[in-house]
Amino acid sequence: MTTTSRRCFVVGAGGALSLMMVAGSRAAGPQKPLGVALCGLGSLSTNQIAPALQKTRLCKLTGIVTGTPEKARRWQAQYGIPAKNVYDYHTFDRMIDNPDIDVVYVVTPNALHAEHTIKAARAGKHVFCEKPMEISVERCQQMIDECKKAGRKLGVGYRCQFEPHHLEMMRLAREREFGDVKVIEASFGFTAGDPKQWRLRRELSGGGALMDVGVYALQASRYISGEEPIEISAIETKTDPVMFREVDESIVWQMRFPSGRLATCSTTYNANGMGRIRAHAQRGWFALDPAFNYTGIRGERSDGKAIAFPATDHFAVELDAFARSIIDDQPFLAPGEEGLRDVSIMMSIYEAARTGRVVKRG
Ligand code: NAD
């Protein structure tokens, strides 16, 4: 399925609203929520995903995978998780005997996603994996293959694909409300902070700003254009070669799409407040700024109208959509193939930056 047709499948004519209905509908009678085990109890799990799982209608936090017994005790007390649903990274293949857990949500450093996804799939669980999917195309493919072999679904945590402001940006482009989109500008970056964090260690992260947050600008360019890039150029800079010894600090890249549309994107680990999308069409523009924050997304259009929707918990909405796809056995909007595509394009961006040449993609 193409990006555009997958999007239409969920967005339909009514944009965000129909997504909510898809996510909230019932096949036959009340649906017992799917049990979700969080694998990796770091910052994202603690501050975003566990709270979101208190709001989901089709998912419930039933298990955890952690290497820290003290954390396990704290989470058990806070979320009422029984001891039989607590695993560590070495024992979680035993989940195969645990009917309380339907889905494992992998929230560990990027280069551990394949190991944890494959373990979960072999234990008979569906897998929801955080972005970026992994650090190489080969590992992404392995994850897809293992989930297929196990007959389990694999989803990637592309929360913006489920968020109403982003869905509206896609609709405006698709329905050509301002004519054809010709140029897309997208950027996401922040100041990385702690020099000891795994994000700066290539072995665990696979790359720096691009892999971590540049992927949002890439995603936005792809889901607004509805196309895949055929030519990529890029430049990279390191103003702090010590801190960013192993990974990229800042990259600016351009993409040409088959229609002739262009995207110009930026990412950084060394500046704050970068995070917007602006789509320039023949008769005007539409934009989100900030675009990628968990809350407070603001949208504008060149005709003076606002792009405004009630606050949505990005994680609750994407998890319910994933659960719905499992319950109905329907394709998920952001499957493993979508994660692999982005990793493959990011490898082309790195190649373009390294060689200084335009990288052509088929
Ligand atoms: P984090 O460092 O806060 O948490 C990572 C967790 O993995 C920790 O609990 C850590 O103990 C555990 N872990 C297991 N094995 C490890 C090892 N060998 N080395 C280091 N840690 C190990 O990171 P985070 O910010 O929660 O990010 C986790 C994943 O979520 C990453 O893939 C990241 O890209 C993704 N993420 C996504 C979003 C989003 O908006 N979708 C936001 C932040 C992070």
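Remember, it's 1-based here, ligands and their atoms both numbered in the order they're listed.
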Query raised in the report: Going through the distances and angles, do Asp240 and Tyr269 end up as a side-chain hydrogen bond (donor to acceptor under 3.5 Å, both in side chains)?
Result: CA-CA 10 Å; Asp240 185 343; Tyr269 260 169; over 6 Å; no
Kindly confirm or rule out an N or O of Gly42 lying under 3.5 angstrom from an N or O of ligand 1.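 N/O-N/O distance under 3.5 Å: yes.
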Is there a polar contact between ligand 1 and Arg159, counting only N or O atoms under 3.5 Å apart?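 In this structure, Arg159 places an N or O atom under 3.5 Å from an N or O of ligand 1.
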Which protein non-hydrogen atom lies closest to [atom], naming both residue and atom, and how far is it?
atom: atom 23 (O) of ligand 1; answer: Trp198 NE1, 3.4 Å
atom: atom 19 (N) of ligand 1; answer: Leu204 CD1, 3.8 Å
atom: atom 35 (C) of ligand 1; answer: Lys131 O, 3.6 Å
atom: atom 14 (C) of ligand 1; answer: Tyr89 OH, 3.3 Å
atom: atom 32 (O) of ligand 1; answer: Asn110 OD1, 2.8 Å
atom: atom 3 (O) of ligand 1; answer: Ser43 N, 2.7 Å
atom: atom 20 (C) of ligand 1; answer: Pro109 CG, 3.6 Å

In the structure I gave you, are the side-chain heavy atoms of Glu163 and Val317 within less than 4.5 Å of one another anywhere?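 Not in contact.
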- Message: Nearest 0.5 Å, please: how far is CZ in Arg261 from NE2 in His280?
- Response: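 Rounded to the nearest 0.5 Å, the NE2-CZ separation comes to 13.5 Å.
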Indicate whether any N or O donor in one side chain lies under 3.5 Å from an N or O acceptor in the other, for [X] and [Y].
X: Ser266; Y: Ser187; answer: no
X: Glu338; Y: Gln161; answer: yes
X: Glu249; Y: Thr239; answer: yes

I need the atoms of ligand 1 closer than 4.0 Å to a non-hydrogen atom of [X], numbered in the order shown.
X: Leu112; value: 15 (N), 16 (C), 17 (C), 18 (N)
X: Pro132; value: 34 (O)
X: Leu44; value: 26 (O), 30 (O), 36 (N), 37 (C), 38 (C), 42 (C), 43 (C), 44 (C)
X: Arg199; value: 23 (O), 24 (P), 25 (O), 27 (O), 33 (C), 43 (C), 44 (C)
X: Tyr294; value: 40 (O), 42 (C), 43 (C)

Is the shortest distance from a heavy atom of His113 to ligand 1 less than 4.0 Å?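 Heavy atoms of His113 do come under 4.0 Å of ligand 1.
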Point to revise | Member of Arg201, Arg202, Arg199 meeting the salt bridge (charged side-chain N to carboxylate O under 4.0 Å, His left out) criterion with Glu246 | key: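 Answer after filtering Arg201, Arg202, Arg199: Arg201.
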For Arg361, is there an ion pair with Glu228 - N to carboxylate O distance below 4.0 angstrom?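 Judged by the 4.0 Å cut-off on N to carboxylate O distance, Glu228 and Arg361 do not form a salt bridge.
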Worksheet entry | Given Phe315, Phe332, Phe162, Tyr105, the one that forms ring pair (Phe, Tyr, Trp, His ring centres under 6.0 Å) with Phe322 |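 That would be Phe332.
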Output all residues satisfying side-chain contact (heavy atoms from CB on, under 4.5 Å) with Lys196, sequence neighbours left out; order by chain, then residue number.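 side-chain contact (heavy atoms from CB on, under 4.5 Å) list for Lys196, sorted by chain: Asp194.
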Taking 4.0 Å as the limit for heavy-atom contacts, which would you say applies to Gln197 with ligand 1: side chain only, backbone only, both, or neither?
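Neither part.
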